[in-house]
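A quick write-up on the structure given underneath.
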Amino acid sequence: MKIVTYNVNGIKARLPRLIEYLTEAQPDVVCLQELKSSDETFPEAEIRAAGYGAVWHGQKGFNGVAVLAKGVDPVERQRGLAGEPEDEHSRYLECEVFGLVIASIYLPNGNPVPGPKFDYKLRWFERLQARARALLAEERPVILAGDYNVIPNDDDTFSVKAMAADALMQPESRHGYRALLAQGWTDALRTRHPKGGVWTFWDYQAGAWQRDAGFRIDHLLLSPAVADRLAEAGVDKDHRGREKASDHAPTWVRLR
DNA sequence: ATGTCTAGCAATGCTAGA
């Protein structure tokens, strides 16, 4: 079973690429982020025609997350995180499908540092930690998949120096991520590629793709019941090099 | 160090967000 997280950077602009990916890779589940689409304009018909059911949590202009599943509609469990009722960003969608609980997560970027956007990122992290703790207590197979906007370790970026001032690499951001791991979640990519050097994002600017100047910010965190079934983890990097590609590549785990 | 891309609004150019 192949489970994917893919920040599409605009689902309408990316639709040909997404359909192509579903057709070629035939993933069982895909968590999408940055739909940049309202609920009304989500391209449900095209995704259904490609053989996938979908649940989505959209927002006009930016953010937006979805969960797709091959041949079936995922069953929604929760949209949004508790703890900040005035927060209207669409960044969390939790579903059940194929016996798994799967959440599509789009953590705030948090730039510039310091500032209200960085403060919001850290508060959102705490809200996610609370939800993650509750999910672990269910003792079920759970995957928290998404764009965490965190570079967890120094060997998860092409350049520590270039990223030093960025919200993605601040100690507070890394602490938020490590606090999740400390709860008992497994970073699937890290487990399979312990020496680092695996990127999931390459900026559109400054020839980042051509220079392979990327970093790892898309993560799949596995509950113990899923970690036992982890067979492989990787990045479908070639999709980043295609015409009109997203700045993120699909990132995946294969489960037994 | 900001060289790119997407979307929205309004109007074919700008702004915001990343």
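Chain letters run A, B, ... following the sequence lines, proteins first, then strands; residues in each count from 1.
- Cluster partners of V75(A): none. The rule joins Ile, Leu, Val, Met, Phe, Trp and Tyr whenever side-chain heavy atoms lie under 4.5 Å apart, and it links nothing here.
- Of the C1' atoms belonging to dT12(B) and dA7(B), the separation is 15 Å, rounded to the nearest Å.
- For the side-chain hydrogen bond (donor to acceptor under 3.5 Å, both in side chains) test, no residue two or more places apart in sequence or in another chain qualifies with R178(A).
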Name each donor-acceptor pair under 3.5 Å that joins a side chain in residues 249-256 of chain A to protein atoms two or more places apart or in another chain, with its distance.
from: T251(A); atom 1: OG1; to: A249(A); atom 2: O; distance (Å): 3.1
from: W252(A); atom 1: NE1; to: D236(A); atom 2: OD1; distance (Å): 3.1
from: R256(A); atom 1: NH2; to: D228(A); atom 2: O; distance (Å): 3.1

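- Residues meeting the side-chain hydrogen bond (donor to acceptor under 3.5 Å, both in side chains) test with E232(A), sequence neighbours left out: none.
- Take H193(A) and apply the side chain to side chain contact (heavy atoms under 4.5 Å, CB included) test, not counting sequence neighbours, and it matches L189(A), V198(A).
- dA16(B) and dA10(B) have their C1' atoms separated by 15 Å, given to the nearest Å.
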Point to revise | nucleotides 5-18 of chain B: protein proximity per nucleotide (B base, S sugar-phosphate only, - neither; heavy atom, under 4.0 Å) | key: SBSSS-------BS
